[in-house]
Each structure stands twice: as structure tokens, then as C-alpha cells.
Amino acid sequence: MAQEKIDELTNRLKKYAHQYYVLDEPVVSDAEYDKLLQELMELEEQHPELKHEDSPTGRVGGEPLDQFRKVQHDVPMLSLSNVFNEEDIRDFDRRVRSGLGKTPTYSCELKIDGLAVTLKYEEGKLVLGATRGDGTTGEDITHNLRTISSIPLTLNEPVTLEVRGEAFMPKKSFERLNKEKEENGEALFANPRNAAAGSLRQLDPKIAAKRHLDIFIYSLGEYPEKELNSHHEALEYVSSLGFKTNREAHHLESIEEVIEFCESWQDKRADLPYEIDGIVIKVDSLEDQQQLGFTAKNPRWATAYKFPAEEVVTTLRTIELNV
Ligand SMILES: CC(C)(CNC(=O)c1ccc(Oc2ccccc2)cc1)c1ccc2c(N)nc(N)nc2n1
């Protein structure tokens, strides 16, 4: 009977999609996945009233909007201070230790070169996706973010919370997109960050759906009463809900290890399938974060170590910035 078949196919495809897009551990071949997706699309065509609202077939994007809605962030999306060398990192550590009167442990994670976005869920359902904007007011881009397969449309628990992360375009997708644009004589994107931003600023979600965007979640905004004592526990919690987090997040015992971590990624980043522009260093304990608080602009308990800019040989080609 159609209902059972649709339910069985939808749940199976959602599991496969989670394995493939969130865990990077595909359990079926692309061909097998596409065949099942096609089968579900046909069944949904015949019985639209039986289609699940979070069906994997919905990732292709709906109708275009005629404008973007402004969104207020209940919990502001703060920005990070920057540090540029070992001395700066040691100064940051000194300030933190003097603020705490003790030596903390740190969480270090890759700083993905993409677009900061916030995702709001009510009873486990995605209800809003928005850009950071100026930190308190962003733009509603839910229609575009719903097309990103690594963003869950429903969570493993019916919780109401908000998470923040970095939406990005992998290097391979960027190269393929610019190759297409070059073949069509269109202006190229200067870098994957601009390509991701340009894709998410489209009113027509069918464009974003074709851009192979991805996301890493890196923090919680509002969240339900939950015994969370540290940043690394918060990352484990969001991962358990079905969010994609970056596996290169490490809980380090000393600033020496932090410096080593930052220096090690300077060269290793060339081998990553996405661009990073630095390392985010956070005091791990949430209690320590509370104690340190914020300056007018940034948390005192976090900073971004920025890699030195590489001398970039720009090819002699008109590169205009796409909207
Ligand atoms: C640390 C934080 C700034 C997020 N945190 C916040 O935005 C934030 C916001 C309100 C907070 O508390 C308040 C709650 C209400 C009012 C005021 C502050 C606490 C943290 C940040 C910013 C950019 C990041 C990035 N590009 N990559 C990674 N990996 N991590 C990042 N982390």
C-alpha cells in the first residue's frame, strides 16, 4: 500500500542521506540512492498528500521568493577577535589566565572560510535559517538552507533550540562551478567563500540546490535546559541530534598544544577538501566562559588565529564579484 511504501522509502533515504552527507560514511552507492529517490518521487507525485514534510526529495528547492525577510537574532551572533602569531596567542592566554586566576583547557577548531548562519528548530523541526548579518539582524534564507543535505530538516529529538555554523562550498564544487561559468562566458567567483555567499543570497532556491553547499555546526544559541559544562560537550550534543560537526575539533590541555595545533594546520590545510582561514581557540569550560564574559564586540574567552595570507598568483582573467 502506498503509505507504507512511502514511509519505508522516506525513512530509508533519510538514514542513507545522514550517513552520506553528515557522517561521510556512505552505506549505499550513489546509483542505488538515486534509484530509490526516483522511486519515492514518483510515489509522491501520485500521492502528494502522503509526502513527508522532511522528505529527501524536497532538497531540490521550491518556488523563488520575491525578497528577503529581515530576522532578529534573539541570541546575538558575535564575532571573534583575531590573533596573527605565536606572541599574540600567548598574550591571549595570559589575559585569559589572569581573568580566571587559573590555567584553563582550550577547544581548538578549524575556522571554515564560508558564511556564518543560524538554524532555529521548534520541537525538532527546522523553522528558520538566517545569515549572520550584523550580528543582531540577518536575512531569512531558510528556502536556500533547506536544500543543503547536511542540514537536518528534523532532529533526533523534538527539542527547541538554535545552532550556529559555517555554510561553505567545498573546493571541488567551487572548481566545477567556475569551470561551468567559464564555459558559458560568465563572470567567475573569486573564491569558495564568495561562491557560497552568492549561492545563499539567491531568491530562487533551485540555484542553491545545484551548488553542492555544505555546513559545519560550531555552537549553540538558545538551547533546552541540559547539563552542558564545556564547549566540546556542546559539540557532542549537537552531533548526537544529527548535526554535522567538524571532526578536527580538539580539546587541548595547554597553550603549547594550541600553538602546535595552529602551526600544524598552516600547511596541512592545502589537503583539506574545503578552505579554512584560521583556527578558532576557545576556553573549553562554559563556567570559565561565563566568568570571562565579553568586550563590546567579542567574547574574551575565544579568538581566531588567522593564517598569514599566501602570496596568491591571480591569473590574468576578469574576476568580477557575483552577487
Ligand atoms: C564563539 C563564537 C563568537 C560563537 N559564539 C557566539 O556567537 C555567542 C553569542 C552569544 C553568547 O552569549 C550571549 C547571549 C546573550 C546575549 C549576549 C551574549 C555567547 C556566544 C564564534 C564565532 C565564529 C566562529 C567560527 N567562524 N568558527 C568557529 N568554529 N567557531 C566560531 N565561534
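Counting starts at 1 for both ligands and their atoms, following the listed order. Numbers for residues simply follow the sequence, beginning at 1.
- In this structure, Arg94 places its CZ atom where more than 12 heavy-atom neighbours from other residues, nucleotides or ligands lie under 6.0 Å away.
- Looking at Ala116 against ligand 1, nothing comes within 4.0 Å, counting heavy atoms.
- Here Val280 has side-chain heavy atoms under 4.0 Å from ligand 1, and that is the only part of it that gets that close.
- Any N or O atom pair closer than 3.5 Å counts here, and Val75 shares no such pair with ligand 1.
- Against a heavy-atom cut-off of under 4.0 Å, Glu109 is close to the following atoms of ligand 1: 28 (C), 29 (N), 30 (N).
- Taking every non-hydrogen atom of Lys282 and a distance limit under 4.0 Å, the qualifying atoms of ligand 1 come out as 1 (C), 30 (N), 31 (C), 32 (N).
- Using cut-offs of 30° and 60° on the angle between ring planes, the pair Phe92 and Tyr106 is tilted.
- In terms of protein heavy atoms, atom 12 (O) of ligand 1 is closest to Phe294 CZ, 3.5 Å.
- Within a 6.0 Å radius of CD in Glu45, no more than 12 heavy atoms belonging to other residues, nucleotides or ligands are found.
- Looking at atom 5 (N) of ligand 1, its nearest protein heavy atom turns out to be Ser219 OG, 4.2 Å.
- Within a 6.0 Å radius of CD in Gln290, no more than 12 heavy atoms belonging to other residues, nucleotides or ligands are found.
- More than 12 heavy-atom neighbours from other residues, nucleotides or ligands sit within 6.0 angstrom of CD on Glu183.
- Looking at Gln289 against ligand 1, nothing comes within 4.0 Å, counting heavy atoms.
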